Q: 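I'd like to ask you about the structure that follows.
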Number of protein chains: 2
Amino acid sequence: MPPRFTKLVESLPATVPFVGPETLERDRGAPFAARLGANESVFGPSPRVLKAMEKADREIWKYGDSISHDLRQALAAHHRITPENIVVGEGIDGLLGYLVRLVVEPGDGVVTSSGAYPTFNYHVNGFGGVLEMVPYRDDAEDLPALIARANDTGAKLVYLANPDNPMGSHWRGEDIATALEDLNPDTLFVLDEAYAEFAPAEAAVDLDIEDPRLIRMRTFSKAYGLAGARIGYAIGATPLIRAFEKIRNHFGMNRTAQVAALAALEDQQYLAQVVDQVRASRATIAGVAKDHGLTALPSATNFVTVDMGGTGDQARAMVAALARRGVFVRMPFVAPQDRCIRVSCGTDADMAVLAEHFGPALKDARETAQG
Amino acid sequence: MPPRFTKLVESLPATVPFVGPETLERDRGAPFAARLGANESVFGPSPRVLKAMEKADREIWKYGDSISHDLRQALAAHHRITPENIVVGEGIDGLLGYLVRLVVEPGDGVVTSSGAYPTFNYHVNGFGGVLEMVPYRDDAEDLPALIARANDTGAKLVYLANPDNPMGSHWRGEDIATALEDLNPDTLFVLDEAYAEFAPAEAAVDLDIEDPRLIRMRTFSKAYGLAGARIGYAIGATPLIRAFEKIRNHFGMNRTAQVAALAALEDQQYLAQVVDQVRASRATIAGVAKDHGLTALPSATNFVTVDMGGTGDQARAMVAALARRGVFVRMPFVAPQDRCIRVSCGTDADMAVLAEHFGPALKDARETAQG
């Protein structure tokens, strides 16, 4: 007799938010020549971070600091808030899971955009929430419509990524602040700022940290080049942040990851250099697209979304054709955004691989789509 | 207005399963001279593991493999089971959280021993389960009483650590197999084998891996010296293991940790050496106790529980007195086991620190208790 799973678990599909690149590599029997599909930072972390990690690894027999004291102190100074406004967790994915668990009971409404971050949806479904999906508008998340839907449905959470994945668009911080004025006061606005370091200054939201309407998610996985370390943080009002203490895995943080994040934060010069490299790479990707008569969407992130100018099937054929040639990219899930492919920024070597294979892959894709 | 937390979350206390040693060090304003309180492996991981980690750190910009393919393959070969019988997670703590979430709904009964692993209880409370506590008997978990209580209450889970923390005792595998015959067929037996590598061969449970009554938890935090890496695994019947896919954080595993665990598993010679060092250290701790007229309990783990021969307050005074002298140890939470202190095994240098401070700390503690 199998165990008696909860009714909720019985109802869940055995879904996976993403198939990982290692799985794709095993399926194709060869590594990718350019890994441009997961919006990782191919530029890696600062050399100082690697040095700090090597030293920290020698203490890996010790559990990590359960309250991430030093990192939270440094983050507090960086953001000019207090450590009590910060909870460190196992990446934004882990923190979104905790947040949903804190507020969502079976049947509760949660608003997001159709085609936005699937792992958030995975957590909402996993705790029995009811997703209210708002379509993108002009290839951007439709902020007023998200707010309106939250108010109509009495949703507990409304999610916005700023800048947005997978389209690379962004809202101005002041527009978000204004939109919040119209939000039901008992709905929490979840602002996923995973790509914030790449965005223009106008994207920053300038609200009191103790404003109870907002929680912001940040990560060391993108600009800081530490995706594999699994370290992110949430910032918000003290009572909300304190609530994570009731449910989080207190000793869940990797010890070396905490040290790495601290060293990464301290090397803002390296961060600025990566942001420059990303900016240059965005231009290169847009150039490759243009060379083939295609349009790159404006991007405030470390990836560029390229409008393939056709159907979802045509874009899917392009992703497959690039993968066959060793170039890993991804694409939006939902129409009409699925007419695009999403290419992460990379090194000059990565860009050369992309440029070499883009044309032939496009030819393959068009033949596939016709055949 | 604060967010609308779930009714369950509103009811939870802001508890913490353990105060970490870093927090204690900050509070006392100095590092510990001997860190013997968290049952970590002071001997560290294999030098080959450290080498593999240094190499892996250079790829930390990549997300880890979401299905821990290579590690699960190696673990399957090691345990002579299939990868489908294994789920890798963020330490046993993380996996216990997932397991409780899979089966426990608010009001469901869960049986454990009073004074056993607090983090398991934290998860059960966190999902609204009702803990049924069975007292220890003769300083060991009372296996027949645990089974009886599970049957009486229709519990969904019954937890046993074998070997046991904090008392260091163990059950023979065949006794566990026999006890399972009497367990309600719809109750799942959770066997926490965090300390299994230190235990005598007779502690191993020899049951079919597809037996649906049992799930076993293993870790790289203890004998393999990787507590800070946060990597453990659960082994059990395929349908049960598959269910974790519905709720686990698929990209939650640290990339270097996966590499480290694989390298650790491959160096069984180093593991055997650590187990020998732990055995020698157990004898040393017992000797220190005996030198002061105290009795060490037999241990199948990497720690020794020393009977201080008095009250809980007297033992607590000893823990505090050792801490003041720079020796970090812990103790059982519940009477009458709280007459003991729990000392993790350590290097010769750690043992010298312990031997130096044990007598003076004992004197301090006795004066405190009298004063």
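This is a predicted model, so every value here is computed, not measured. Reminder, nothing fancy here: chain letters follow the sequence lines and each chain counts from 1.
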Q: Pick one of side chain, backbone, both or neither for Arg101(A), based on which atoms fall under 4.5 Å of a heavy atom in chain B.
A: both
Q: Look at the rings of Phe120(B) and Tyr159(B) and say which category their plane angle falls in: under 30° parallel, 30 to 60° tilted, over 60° perpendicular.
A: parallel
Q: Classify the ring geometry between Phe251(A) and Phe18(B) as parallel (under 30°), tilted (30 to 60°) or perpendicular (over 60°).
A: perpendicular
Q: In terms of heavy-atom proximity below 4.5 Å to chain B, should Phe220(A) be classed as side chain, backbone, both, or neither?
A: neither
Q: Is it true that a side-chain atom of Arg28(B) and a backbone atom of Pro31(B) form a donor plus acceptor pair closer than 3.5 Å?
A: yes
Q: Check whether Ile67(A) gets within reach of chain B through its side chain, its backbone, both or neither, counting any heavy atom under 4.5 Å.
A: side chain
Q: Measure distances from Ala257(A) to the heavy atoms of chain B and classify the residue's part below 4.5 Å as side chain, backbone, both or neither.
A: side chain
Q: Could you tell me whether Tyr98(B) and His123(B) have their ring centroids closer than 6.0 angstrom?
A: no
Q: Does any backbone or side-chain atom of Tyr122(A) lie under 4.5 Å from a heavy atom of chain B? Answer side chain, backbone, both or neither.
A: side chain
Q: Between Lys7(A) and chain B, with a heavy-atom cut-off of 4.5 Å, which part of the residue counts as in contact: side chain, backbone, both or neither?
A: both
Q: Is it the backbone or the side chain of Val42(A) that comes under 4.5 Å from a heavy atom of chain B, or both, or neither?
A: both
Q: Let me know if Ile60(A) has heavy atoms under 4.5 Å from chain B in its side chain, its backbone, both or neither.
A: both
